[in-house]
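Because the structure is predicted, anything quoted here is derived from the model rather than measured. Excluded from the calculations below are hydrogen atoms, water molecules and symmetry mates; all remaining heavy atoms, backbone and side chain alike, are included.
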Amino acid sequence: MQLLRTFAPWLLLAFLGQQVSLSSGARNKNRGADRTATPAPGRPQRSGSKSAATGKGKFPITARNMQCTWGAKDVGDTVRLSVKCANSQARISGGVTDLECEYEGKPQRCPGYQSDPKGFWKQVGRAFKRLQAKACRDDRVLVRAGMCKRAPRDAHFKLDINSSMVSAQSGGLTDGVLPPARTTSSPTAGPKACTGREQQKKKAQENCGRWASLCTFFFSMLQSDDC
């Protein structure tokens, strides 16, 4: 009996310690499950879906004295780049004032589009600057990001030629290209011959004095005319 009274407190403490340990383990397990289910604040949850197109920029077309802007947007599984160019001076002096077009591609087929979207759009901006006068005009030239050299062809942006629109001010160019050189009609034989006779008469008066009529006669024999 004395022995039981001696060990009873120790047995009670051991029992309480075991309960505390079990309770603590259960709480830690629940916390771990919460961390797995709920992403940490401030950290974006990763997803397998492609990022939304957010690229935009500016570039000049020096030959046309134009300033252009471009912006990207998702259209289904395609990314569309809308380009708008303007020449404010042409609104006064005449010529091409506005130029618009669209490029389309599937950049998600390029790994760099997902891993480094900021760098991808920066390279697209450089590609537009290299286009210059071919922008919105040549559908054979692709807009390529340097990091996507090995990507499939449809990963690059190609001009939709049907989307190209040109506006011009009266008195200038009408389609963005230089007009053909003006052709002047050749003068008819009659007026040219009559002009020649007048020159003969004037030359005779200057050089022959009172014999001007005789000189004119000899000039007409040497230089035939139809007048």
Just by modelled atom types, is the [Y] backbone N or O under 3.5 Å from a matching donor or acceptor in the [X] side chain?
| X | Y | answer |
| --- | --- | --- |
| Gln108 | Asp77 | yes |
| Thr78 | Lys106 | no |
| Gln132 | Thr62 | yes |
| Thr97 | Ala90 | no |

Within the structure provided, determine whether [X] and [Y] are in side-chain contact (heavy-atom separation under 4.5 Å).
| X | Y | result |
| --- | --- | --- |
| Val96 | Met66 | yes |
| Phe59 | Val83 | yes |
| Asn65 | Gln89 | yes |
| Arg137 | Arg64 | yes |
| Leu159 | Ser164 | yes |
| Asp98 | Arg91 | yes |

Legend entry - Asp139 bridged to Lys134 by N-O distance under 4.0 Å: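 Salt bridge flag = no for Lys134 with Asp139.
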Inset, instruction - Using a strict cut-off of less than 4.0 Å between a Lys/Arg side-chain nitrogen and an Asp/Glu carboxylate oxygen, indicate whether Glu102 and Arg80 qualify as a salt bridge. - result: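 Yes, charged N to carboxylate O under 4.0 Å.
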Inset, instruction - Would you please indicate yes or no on a ring centroid separation below 6.0 angstrom for Trp70 and Phe128? - result: yes
Legend entry - Heavy-atom closest contact (Leu99 atom, Ala135 atom, distance): CD2-O, 4.0 Å
Let me check something: any side-chain donor-acceptor pairs from residues 147-157 under 3.5 Å, sequence neighbours excluded? List them with distances.
unit_1	atom_1	unit_2	atom_2	d
Asp154	OD1	Arg109	NH1	3.1
Asp154	OD2	Arg109	NH1	2.8
His156	NE2	Arg144	NH1	3.2
His156	NE2	Cys148	O	3.4

